[in-house]
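The structure appears right after this line, and notes come after that.
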Amino acid sequence: MTERPHQLAMLGGPRAVPPETAAPRWPVVTRGDEEAVARVLTGGRLTATAEGEEEVPGLEREWAAYTGTAHCAAVGSGTAALQLALAALGVGPGDEVVVPAVSMNATALAVVQQGARPVFADIDPETYTMDPDAVRAVAGPRTKALLPVHLHGLPADMDALRTIAAELGAAVVEDAAQSHGAAHRGRRTGALGTVGCFSLHPSKNLPTCGEGGLLTTDDPDIHERVLRLRQFGEDPRPRRTRSYVSHIAGWNHRIGPVEAAFARSQLARLDEYGRRRAPGVLAFLDRLASLPGLLVPVVPKGSVHAWHILRFRLDPQALGLADEDAAALRRALHRALRAEGVPVSRYQEEPLPAHPAFTPHVPAGARFPVARAVLTDSLCLQRRHLDPGSGPVLAAYADGFEKVWQHLDLIRRMVRSASPAARGRQEVSAV
Ligand SMILES: Cc1ncc(COP(=O)(O)O)c(C=O)c1O
């Protein structure tokens, strides 16, 4: 005799993830991280330009070695890294930069802030990264750079994108903000294009204790320009008395030694965390893969995924519903799963070309059907799986998914009863 499933938590039943289960915290902060920061505070060298400051150059050396690139510049944020990369490449008014239709807003903002035009390319329905065919369709003689994003920690299709860029004579700027440690054909992200841009935001796989970013390149001229642009356009050569003369119009995009020291301390554990995280994530995905109508992340051959964000697409047809029901299905599962204690969320509610800041750059009639579909029919897991000790919590989340899937009849009824008016209503995210 099969056991009757427990009532769903949203209807008053017991939660699949017991309320006393501590939500994993990210970043994991160790005594070593605290000591690294404390050493900077007691040492008194609180800015990157303080004489004898070693944390910022140390982080740069270590990240260049880690990514296998010749140069690294540590900067104030991932956004600053993107701005500096585009500026160092000479991207400006009249130029176009091809950007994927799904990313965090900073990817396209960096282009607009250079006075250039972001040209959006749709994404691949399985990898969620920029689709090379879509890039070919929108790129042209004004294309100065391609700006692929290794979204969620999976490298974009770099072989195809590099080929397109070479045909166009364009640069490739990797937005690697989410992909520390990911790799493509044995090379780490940050070493796959002309310039690599990373974020050190505390939500990222390599976090700092504030804001920070890293920029990698093999090109010494680009590196030199980045160093100038990072510090007011001055000649930044170390061990020279600072003149405060601006040779070009730069910014203050420096990182501080406290953030650099914390990031270095985390970097020492980046690979170990990645190794320990993977089995829990894979076991979780394995269990979810057997649920009908739920599509788990894929890893194309030759790629290493950094598992920064886990995205799950929902297939209404596989659940006996119509394609138009995708949003209502997502909403019903979002509600049911969160009630069970599974903290699913939406990552990005709108494709970039629909953001008011970017719509003036979008040609009339341009459509991004895959981006729109993916953001409508998927839910994500963010941060909770990053702690390398999250395996047991992920197993409890899998219990939550399996329990909700035992009540698909009810979920279907919820979806079918959603009125057309409710379906069309503006959706509010519970991220
Ligand atoms: C894909 C992507 N690009 C750029 C950024 C910007 O990085 P930051 O927040 O460090 O400025 C982020 C971070 O949120 C990101 O996820």
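Ligands are counted one by one from 1 in listed order, and the atoms in each one are counted from 1 as well. What you see is a predicted model; the values in this text were computed from it and never measured.
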Pair Glu211, Ser77 - check side-chain hydrogen bond (donor to acceptor under 3.5 Å, both in side chains), show working.
CA-CA 5 Å; Glu211 304 279 348; Ser77 67; 5.6 Å; no

*Applying ring pair (Phe, Tyr, Trp, His ring centres under 6.0 Å), run through His385 and Phe284 and close with a yes or a no.*
CA-CA 10 Å; His385 60 290; Phe284 177 57; 8.3 Å; no

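Nearest non-hydrogen protein atom to atom 15 (C) of ligand 1 is Ala177 CB, 3.5 Å. Of all protein heavy atoms, the one lying nearest to atom 5 (C) of ligand 1 is Met104 SD, 3.6 Å. Of the protein's heavy atoms, Asp175 OD2, 2.7 Å lies nearest to atom 3 (N) of ligand 1. Residue, atom and distance of the protein heavy atom nearest to atom 9 (O) of ligand 1 are Ser199 OG, 4.0 Å. From the protein, the heavy atom lying nearest to atom 16 (O) of ligand 1 is Gln178 NE2, 2.9 Å. Taking atom 6 (C) of ligand 1 as the reference point, the nearest protein heavy-atom neighbour is Thr79 OG1, 3.5 Å.
Atom CG of Leu229 is separated from atom CG of Asn252 by 12.5 Å, given to the nearest 0.5 angstrom.
A distance-only check finds no donor-acceptor pair linking the side chain of Asn205 to the backbone of Leu270 [under 3.5 Å].
Under the 6.0 Å cut-off for aromatic ring centres, Phe312 and Phe401 qualify, their centroids lying closer than that.
Taking the ring centre of Trp405 as origin, the terminal cationic atom of Arg287 falls outside the region bounded by 6.0 Å and 45° from the ring axis. For the pair Arg275 and Tyr273, the cation does not sit on the ring face, since its NZ or CZ is not both under 6.0 Å from the ring centre and inside 45° of the axis.
Every atom of ligand 1 is numbered from 1 in the order shown, and the set under 4.0 Å from a heavy atom of Val149 is 1 (C). Near Thr107, the atoms of ligand 1 lying under 4.0 angstrom from a non-hydrogen atom of the residue are 3 (N). Heavy-atom proximity to Gly78, at under 4.0 Å, picks out these atoms of ligand 1: 7 (O), 8 (P), 10 (O), 11 (O). Heavy-atom proximity to Lys204, at under 4.0 Å, picks out these atoms of ligand 1: 12 (C), 13 (C), 14 (O), 16 (O). Atoms of ligand 1 lying under 4.0 Å from any heavy atom of Ser103, numbered from 1 in the order shown and given with element: 1 (C).
Evaluation of the ring pair (Phe, Tyr, Trp, His ring centres under 6.0 Å) rule for His223 yields His71 as partners, not counting sequence neighbours.
The shortest N or O to N or O distance between Ala80 and ligand 1 is not below 3.5 Å.
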